[in-house]
4 protein chains.
Amino acid sequence: MARRRDNDKRRRILDAAVRVFAKKGYFGAKVAEIARRAGVADGTIYLYFHNKEDILVSLFNEVMAEHIDGGRREVAELKGAPERLRAVASRHLRLFGGNRDLAIVFQVELRHSTRFLERFTGSWLQDYFALVNEIIEKGQMEGSLRAELPRKVATKAFFGALDEMVTSWILSHREYDLAQLAGPVVELFLDGAGARGITEPRAALAAVSSGRGGR
Amino acid sequence: MARRRDNDKRRRILDAAVRVFAKKGYFGAKVAEIARRAGVADGTIYLYFHNKEDILVSLFNEVMAEHIDGGRREVAELKGAPERLRAVASRHLRLFGGNRDLAIVFQVELRHSTRFLERFTGSWLQDYFALVNEIIEKGQMEGSLRAELPRKVATKAFFGALDEMVTSWILSHREYDLAQLAGPVVELFLDGAGARGITEPRAALAAVSSGRGGR
Amino acid sequence: MARRRDNDKRRRILDAAVRVFAKKGYFGAKVAEIARRAGVADGTIYLYFHNKEDILVSLFNEVMAEHIDGGRREVAELKGAPERLRAVASRHLRLFGGNRDLAIVFQVELRHSTRFLERFTGSWLQDYFALVNEIIEKGQMEGSLRAELPRKVATKAFFGALDEMVTSWILSHREYDLAQLAGPVVELFLDGAGARGITEPRAALAAVSSGRGGR
Amino acid sequence: MARRRDNDKRRRILDAAVRVFAKKGYFGAKVAEIARRAGVADGTIYLYFHNKEDILVSLFNEVMAEHIDGGRREVAELKGAPERLRAVASRHLRLFGGNRDLAIVFQVELRHSTRFLERFTGSWLQDYFALVNEIIEKGQMEGSLRAELPRKVATKAFFGALDEMVTSWILSHREYDLAQLAGPVVELFLDGAGARGITEPRAALAAVSSGRGGR
DNA sequence: AATGAATGAGAGTTCATTCAT
DNA sequence: AATGAATGAACTCTCATTCAT
């Protein structure tokens with residue numbers, strides 16, 4: 001079952017699935033159409049996947065495994081949380097910005113049910129969060145990130161921001177380069193939206209807002 | 001009197017729908033079950049809604065109309081972008097934190113298809129974004145937010161962060177108060193995650209801002 | 001579920017099912033064809049039956065409940081095992097002889113799987129065997145049947161003989177009255193095939209055969 | 001040598017088929033499983049059999065050809081209908097009693113459709129009936145069986161009784177020796193179940209036959 | 001002769017929606 | 001206005017059979 005001869009066929013099915021899931025949605029996608037687009041018979045799908053859901057799950061697992069692995073390797077070679085976060089953001093936005101159909105499947109189909117969302121969250125999303133969390137933690141230790149930062153909230157906010165960039169991009173009818181948003185997003189994440197000081201515009205505000213204390 | 005009964009029935013159907021959609025997902029939810037839970041006959045549903053999707057759409061429209069309206073009124077009474085953003089965030093997290101089923105439906109079912117997501121994004125999400133965007137714009141004019149901030153990115157990041165808080169909360173098995181995350185999220189949004197160190201370009205400011213004192 | 005309005009519709013489905021099962025066999029019968037013949041929509045079948053198998057099971061249960069009940073009542077009014085066995089045999093052969101399709105379904109479809117056969121045997125066939133067994137037991141007590149007769153074997157042999165008459169009749173292309181075989185079958189069962197004696201032809205043999213002894 | 005290997009493979013397929021048909025039923029049995037159990041590839045089955053049904057048909061034909069042939073030879077060496085019937089019954093019950101899977105296939109799968117039953121009845125069952133019929137006819141001529149006996153009915157009743165013993169044995173969860181029922185069945189067939197009492201028409205005979213002593 | 005990956009027709013069942021009452 | 005029995009289109013998955021190797 002694992003080692004079927006035609007590995008290319010499996011790939012063709014997955015590619016076709018991305019296209020069809022993106023266009024029709026998981027429930028609207030017919031297995032027969034995936035088969036047709038992949039150039040195989042309906043039944044052939046079931047030689048490579050247990051069932052329709054398994055196609056979607058395999059898609060996630062394989063794309064994500066590679067994405068996170070690559071992310072870890074890339075991050076390991078960089079110094080400092082800012083650079084690392086920039087790398088993660090850029091990688092995230094490039095992954096989806098380079099393949100609109102894949103983006104749609106991940107942003108939309110991934111969430112088509114609580115059960116599915118849970119499964120997804122419990123597996124690779126956890127890894128992804130762990131990666132970001134580690135970067136933040138090290139950033140705090142090295143002093144590039146604020147020590148009192150609540151890490152969990154920061155991780156979710158970082159991911160949530162990227163996630164929303166992708167979703168907005170999918171739905172936008174203007175064609176723009178998703179990846180170029182990596183810089184602004186990371187900058188906003190690092191510097192915040194608030195103004196600061198007088199000489200530099202942020203200074204004054206910084207004085208005011210500094211009273212917030214502990215929380 | 002007849003009108004009153006009608007509205008009550010419509011309300012019961014919507015309430016039942018939230019519960020069933022949250023538990024089974026939109027596609028897994030059977031109209032018959034919604035009817036059963038609402039205590040009406042299957043056919044009665046169609047006296048109040050055009051079809052299954054219309055139930056979900058009506059749900060969104062009505063909840064959101066009230067949510068955004070209330071948000072606008074609340075924001076109008078506050079001064080300064082920071083306070084306003086805090087109000088929006090708090091309101092957002094309280095809405096969902098107070099009704100897990102509603103949260104599930106909004107976080108999950110809302111996104112079950114590109115078509116649905118588009119429809120949703122094109123209507124009230126646009127309004128929501130407009131509200132946040134206005135707050136940011138005014139914040140920039142009044143000087144509380146950085147003038148060079150890219151507004152669109154900031155709006156999406158703000159929403160994305162809140163959105164991810166809700167999604168994580170739904171999936172978390174620990175019971176915690178979602179609304180209490182409003183403060184940290186807004187703070188992070190305003191101040192950013194980066195430290196204001198010496199070797200960093202923002203060194204001078206960091207020294208100033210450390211004196212910021214209580215809000 | 002139990003009390004649906006149109007009881008006639010249920011009957012029509014069962015009648016159609018007998019015809020279709022008889023012609024095509026259980027596995028060859030399509031639910032759609034049963035629906036068509038019953039003059040209802042495909043889905044309607046499932047308002048009255050859980051699934052395809054339930055149609056067949058219901059058919060058996062209902063026909064048999066009535067058949068055995070009637071048999072018990074008829075037997076209760078008769079005196080002596082011979083008369084009673086004659087009544088049972090006659091009833092059995094009339095039931096199937098009067099409805100070839102029903103006979104086919106019972107002789108053939110009933111046995112299409114071990115699981116099905118077991119289910120059937122464990123329920124009404126057991127009742128049927130019990131009825132015959134009781135008749136034999138009383139016959140032994142009243143002296144009309146040989147006391148040393150192994151009752152279980154006799155019961156099975158009696159049923160097996162009737163059963164084979166029905167099966168042969170179904171497969172025979174000559175049209176003959178199945179019910180008229182009741183007399184010969186019961187007579188054979190009671191008197192045996194062996195010849196007896198001298199004055200009456202059986203006498204001598206009886207003497208001879210008596211030597212067969214113990215075995 | 002090649003021939004030998006072939007025959008062995010064909011035999012392995014048939015053996016596997018008996019096991020699988022018995023366990024799953026004809027329709028539930030998958031050709032792939034038969035192949036797996038036989039230790040051959042799926043496609044290999046089709047080098048030895050035309051199709052799935054042909055496996056079942058071949059099974060019947062081969063088992064039955066040998067069974068009836070052996071029966072004829074055995075019968076030819078015996079004298080008198082009683083002994084011959086006893087031989088047939090014993091052989092019948094031993095065949096199945098010695099191989100539960102084979103019994104299941106013959107009792108159950110044989111009857112899975114009218115078409116199949118007809119085919120089976122038209123071929124070897126006819127031969128089997130002919131064999132029994134001949135024995136009875138000769139028995140009538142030699143005087144051991146009642147001359148007025150309706151031969152067809154008697155043949156069917158004899159077979160039906162044996163058949164039911166096998167079916168009951170398959171379904172019984174108690175393990176008992178099926179072959180030992182040959183004696184009782186034949187005795188019942190020859191002597192009948194009826195007592196030879198005083199008030200009964202066969203009174204005189206009964207007195208005689210009572211001397212036959214216990215079985 | 002043997003393999004086993006590929007085929008593709010086929011059917012049971014569900015369920016949103018309708019409409020006669 | 002309300003009912004709920006009836007509808008029937010639609011779709012996943014299975015598996016006997018084939019055929020290139």
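Chain identifiers are assigned alphabetically (A, B, ...) following the order of the sequence lines, protein sequences preceding nucleic acid strands; residue numbering begins at 1 within each chain. Keep in mind it's a predicted model, so treat the numbers as computed, not measured.
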Where along residues 29-43 of chain B does a heavy atom fall under 4.0 Å from DNA chain E? B/Ala29, B/Lys30, B/Val31, B/Gly43

Which ones in residues 13-25 of chain D lie close to DNA chain E, meaning a heavy atom under 4.0 Å from one of its atoms? none

Nearest whole Å is fine: how far is [N] [atom2] from [X] [atom1]?
| X | N | atom1 | atom2 | result |
| --- | --- | --- | --- | --- |
| B/His50 | E/dT18 | NE2 | P | 11 Å |
| A/Leu47 | E/dA5 | CG | P | 8 Å |
| C/Asn51 | E/dT13 | CG | P | 5 Å |
| A/Tyr26 | F/dC11 | OH | P | 14 Å |
| C/Asp8 | F/dA6 | CG | P | 10 Å |
| D/Phe27 | E/dA11 | CZ | P | 12 Å |
| D/Arg10 | E/dA2 | CZ | P | 13 Å |
| D/Leu56 | F/dA16 | CG | P | 13 Å |

Which stems does DNA chain E form, counting runs of 3 or more consecutive Watson-Crick or G-U wobble pairs with both distances under 3.5 Å?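 Consecutive-pair runs (3 or more) involving DNA chain E: E:2-21 with F:2-21.
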
State which of E/dT17, E/dA2, F/dA6 makes the closest approach to the side chain of C/Tyr48. F/dA6

Carboxylate-amine/guanidinium contact C/Glu109 C/Lys24, below 4.0 Å: no

Do B/Glu33 and B/Arg19 meet the salt-bridge criterion of a basic N to acidic O distance under 4.0 Å? no

Are the side chain of [X] and the backbone of [Y] linked by a donor-acceptor contact shorter than 3.5 Å?
| X | Y | value |
| --- | --- | --- |
| A/Ser58 | A/Asp54 | yes |
| B/Ser123 | B/Arg119 | yes |
| C/Arg111 | C/Leu117 | no |
| B/Lys9 | B/Ala38 | no |
| A/Arg100 | A/Ile170 | yes |

Just checking C/Phe27 against C/Phe21, ring centres under 6.0 Å apart?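 Here the rings of C/Phe21 and C/Phe27 have centres that are no less than 6.0 Å from each other.
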
Minimum-distance pair of heavy atoms, taken over all atoms of C/Ala22 and C/Val105: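 That would be N-CG2, 3.8 Å.
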
Does F/dA1 have OP1 or OP2 sitting under 4.0 Å from an N or O in the side chain of B/Lys9?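 So the side-chain polar atoms of B/Lys9 never come under 4.0 Å of the phosphate oxygens OP1 or OP2 of F/dA1.
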
Find out whether A/Arg10 and A/Phe49 are in side-chain contact, i.e. whether some heavy atom of one side chain is under 4.5 Å from a heavy atom of the other. yes

Sorted by position of nearest nucleotide on DNA chain E, 5' first, the leading residue of B/Glu53 and A/Ile45 is A/Ile45

Residue whose closest nucleotide on DNA chain E lies nearer the 5' end, A/Thr44 versus B/Lys52: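 That would be A/Thr44.
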
What orientation do C/Phe116 and C/Tyr26 show, parallel under 30°, tilted 30 to 60°, or perpendicular over 60°? tilted

For A/Phe120 and A/Phe106, take the angle between the two ring planes, folded into 0 to 90°, and tell me which bin it lands in: parallel under 30, tilted 30 to 60, perpendicular over 60.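 Answer is perpendicular, since the angle exceeds 60°.
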
